Amino acid sequence: MPVKVSVIVPVFNPGTYIEDCISSLRRQSLPPDEYEVIFVNDGSTDATPARLDALAAEDPRVRVIHQENSGWSGKPRNVGIDAARGEFVMFVDNDDYLGDEALERMYDYGVANGADVVVGKMAGQGRGVPVELFRRNHPRATVENAPLIDSLTPHKMIRRAFLERTGLRFPEGRRRLEDHVFVTEAYLRADNVSVLSDYVCYYHLRRDDGSNAGFERFDPVGYFKNLREALDVVERYTEPGQVRDRLFRRWLRVEMVERLRARRFLKLPDDYRRELFREIHQVVVERFGPGVAVGLQPTQQVVASLTAADRYDDVVAFAEWEATVKPLTVPGTIEWRDGALHVSFTAEYACGREPMTFPAEAEPAMLEDTPKDVADAVAWVGAQTAARFQQATADLLLKERASAAQYFQPVKFTRETVPAGDDGRVRLQLRATATVDPAALPDDGVWDAVARVKLGGWTKEIRLGPVSRTAAPGPAAGPAAVVGGRAVRPYWTEPHRNLSLDVGAGGKWLGLNHAQIAVSDGRLHATVPLHVPAATEVPMLLACAARSLEVSATLTPAAHGAVIEAGLPADALSGEALWRIAVCLAPDAAERRFHRLPLAVRVGPGGIETVKAPRPGLLLRLARRARRVLNTARGKVAARVRAGRV
């Protein structure tokens, strides 16, 4: 079979971190004879070369190329391109890993859309990844109709014929931002770029030891010299005007202004801060015209203006003020309706411990002159935040705790101004309701609710929970539910009291220990605090010391929960045996789980009678506790397997 995809992995002293990468590459759903993996060992001095040679000896998909250390990832990737046989090449770093279906999905999507470049959804574990770009699929994306420029890491799938036709390669040598130069040119020269957002293709990791190359403190002089090369690419392939300004704005915003803001800037040593500021000031003055900064958010415009004016002390003072600004979210009602969890919340920003206030009347205005001082800057930001309030947005994302995969949930929101005193100022609040469909979540696991609030110059994320640890716990998180063949439990975490969803939940956490149960005329009737969208048939298990018996039960919605009903076969239960009862609430799940009800039955002189389930003896309780500890450990391993890390 022709090779569809060549995966290129530059390797330098990854240690054990390469194992997750190797495992994910070997687990790919693409047939084994349709892809190859090329590891380019860039002079590693650890045990990795021997590990890769052994892997290649046992796996025909794997090739290993050894070379002397080149100083950075550019040359190893170029060597891999030259050695590749695939229709597409996919770049993967040696300490990251792929989703199990990544190659197959990205290849099929690229072929279907005639793409030269395929950008797969990313999840960041301990490091940031683009969010807005992956809000939805973009089969035909450009730098004008999608925020492509937000994703400049090399972890893309690229058509090899496109690379050969254009001669596009990575800059080589010990340098930074070689991926910016390469990816920017690829975007601007490709016939089509496709963005796949409905499946997490790439897991971008921060090592526990913090040794990722991208997290090392850089030399500002060399860094911004390399950055200018990316700007050169933009100038080479665009005309002066709005498109070029929009692209330049990405580097001004991400690589310059954001480095000079709030705690990120303040935590740096003063001498390094000054050197960083000096280099950024030079690039801003040399390369960016007035149209670049105009499109920034108000806070970013202030930092850019102060930087261009070479006012280091004011940039520091503004950063100190911004460090006190935080999002504030207050949960509202949380309830199940029609098989979906409806989550309402209010969001705004706070300065210090108090909600921020803004002028009630303000008009949009350009920042024509650099603020005379920080107080002037703060006042202008406040006025422009109020004037642009109609652009504010609120979102709810669910983020899977083990893998960091995250998905936007459908949300509706309103913008409200709330009087904040006698001085005519107001609070700017967003009132939102998100609709969470657990059946749409791709995996079982714990999903944390994260509010994403965009207001004025701030776009920040915060776990959805009470205002503070001392605040009231807020509304109930709602009962557990059975939706789409899964048991789902919304709950408040401890001790922080943030909202999370346990998808695939089980045991006492489903509330079955609070069931109200009765047996009459050989039929069991149990009312449980459980939401079910529709009646369904579920299996029920009756077990005694000697044997077990499975019968059919019905699970039906009720006014205050759900009702479980089943006929109990008296003849089969006859004798002195005590029968415990468990029910499988999600029979369509990949693995059936039975959850015990808090009673037992036996056949007495008057027929079937209920007996409170006896409390297990001390030794049995200890054994069960040990089993729970073991199951917890197994669960953590299973989560890593689902996330592709084992």
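Note: hydrogens, waters and symmetry copies are ignored here, and every other heavy atom, side chains too, is used. This one's a predicted model, so the numbers in the text were calculated from it and none came from an experiment.
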- List the steps, then state whether side-chain hydrogen bond (donor to acceptor under 3.5 Å, both in side chains) holds for S29 with E101. CA-CA 5 Å; S29 61; E101 301 173 21; 5.3 Å; no

Exercise: do [X] and [Y] side chains pair donor with acceptor under 3.5 Å:
X    : Y    : answer
Y107 : E87  : yes
T493 : S500 : no
R431 : T414 : no
E537 : T554 : no

Look up atom [atom1] in [X] and atom [atom2] in [Y], then write down how far apart they are to the nearest 0.5 Å.
X    : Y    : atom1 : atom2 : result
D108 : L30  : CG    : CG    : 8.0 Å
Q406 : D448 : CD    : CG    : 11.0 Å
I517 : I564 : CD1   : CD1   : 7.5 Å
N13  : D95  : CG    : CG    : 11.5 Å
K412 : T435 : NZ    : OG1   : 7.0 Å
R105 : C201 : CZ    : SG    : 7.5 Å

Between [Y] and [X], is there a salt bridge with N-O shorter than 4.0 Å?
X    : Y    : result
R26  : E58  : yes
D444 : R486 : yes
R523 : D521 : no
E550 : R592 : yes
D395 : R135 : yes
E34  : K4   : yes
K399 : E461 : no

Any side-chain to backbone donor/acceptor pair from [X] onto [Y]? Under 3.5 Å, distance only.
X    : Y    : answer
T610 : V601 : no
Y349 : V453 : yes
W336 : P479 : yes

Item to complete: Carefully, step by step, assess V9 and F39 under the rule side chain to side chain contact (heavy atoms under 4.5 Å, CB included).
Response: CA-CA 5 Å; V9 187; F39 291 98; 3.7 Å; yes

Please give me the minimum heavy-atom distance between [X] and [Y], naming the atom from each residue.
X    : Y    : answer
G504 : R593 : O-NH1, 2.5 Å
L512 : P598 : O-CD, 3.2 Å
P569 : L549 : CG-CD2, 3.6 Å
V129 : H204 : CG1-CB, 4.1 Å
P557 : A535 : CD-N, 3.6 Å
L573 : W579 : O-NE1, 3.4 Å

State whether the number of non-hydrogen atoms from other residues, nucleotides or ligands found under 6.0 Å of [X] atom [atom1] is greater than 12.
X    : atom1 : answer
D33  : CG    : yes
Q516 : CD    : no
R61  : CZ    : yes

Subject >> Evaluation steps, side chain to side chain contact (heavy atoms under 4.5 Å, CB included), between Q409 and V343 >> reply: CA-CA 10 Å; Q409 304 303 299; V343 180; over 6 Å; no

Under the side chain to side chain contact (heavy atoms under 4.5 Å, CB included) criterion, do V92 and V37 qualify, and how do the steps go? CA-CA 10 Å; V92 178; V37 181; over 6 Å; no

Fill in: Ring center gap for H155 and Y202 short of 6.0 angstrom
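Under 6.0 Å, so yes.
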
Going through the distances and angles, do E335 and H342 end up as a side-chain hydrogen bond (donor to acceptor under 3.5 Å, both in side chains)?
-> CA-CA 5 Å; E335 59 182 355; H342 295 259; over 6 Å; no

| query | Stepwise, does the side chain to side chain contact (heavy atoms under 4.5 Å, CB included) test hold for E609 with V519? | reply | CA-CA 7 Å; E609 58 187 30; V519 175; over 6 Å; no

Pair S403, E400 - check side-chain hydrogen bond (donor to acceptor under 3.5 Å, both in side chains), show working.
CA-CA 6 Å; S403 67; E400 208 278 317; 3.0 Å; yes

Note to self: Would T346 and Q429 count as a side-chain hydrogen bond (donor to acceptor under 3.5 Å, both in side chains) here? Give the steps.
What the structure shows: CA-CA 7 Å; T346 301; Q429 293 185 339; 5.5 Å; no

message = A side-chain contact here means heavy atoms from C-beta on lying under 4.5 Å apart; do P587 and V538 qualify?
response =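 Of all side-chain heavy-atom pairs linking V538 with P587, at least one is under 4.5 Å.
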
ask   = Are any non-hydrogen side-chain atoms of P14 and D46 less than 4.5 angstrom apart?
value =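 Heavy-atom side-chain distance check passes, below 4.5 Å.
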
For Y203 and Y97, take the angle between the two ring planes, folded into 0 to 90°, and tell me which bin it lands in: parallel under 30, tilted 30 to 60, perpendicular over 60.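 Answer is parallel, since the angle falls under 30°.
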
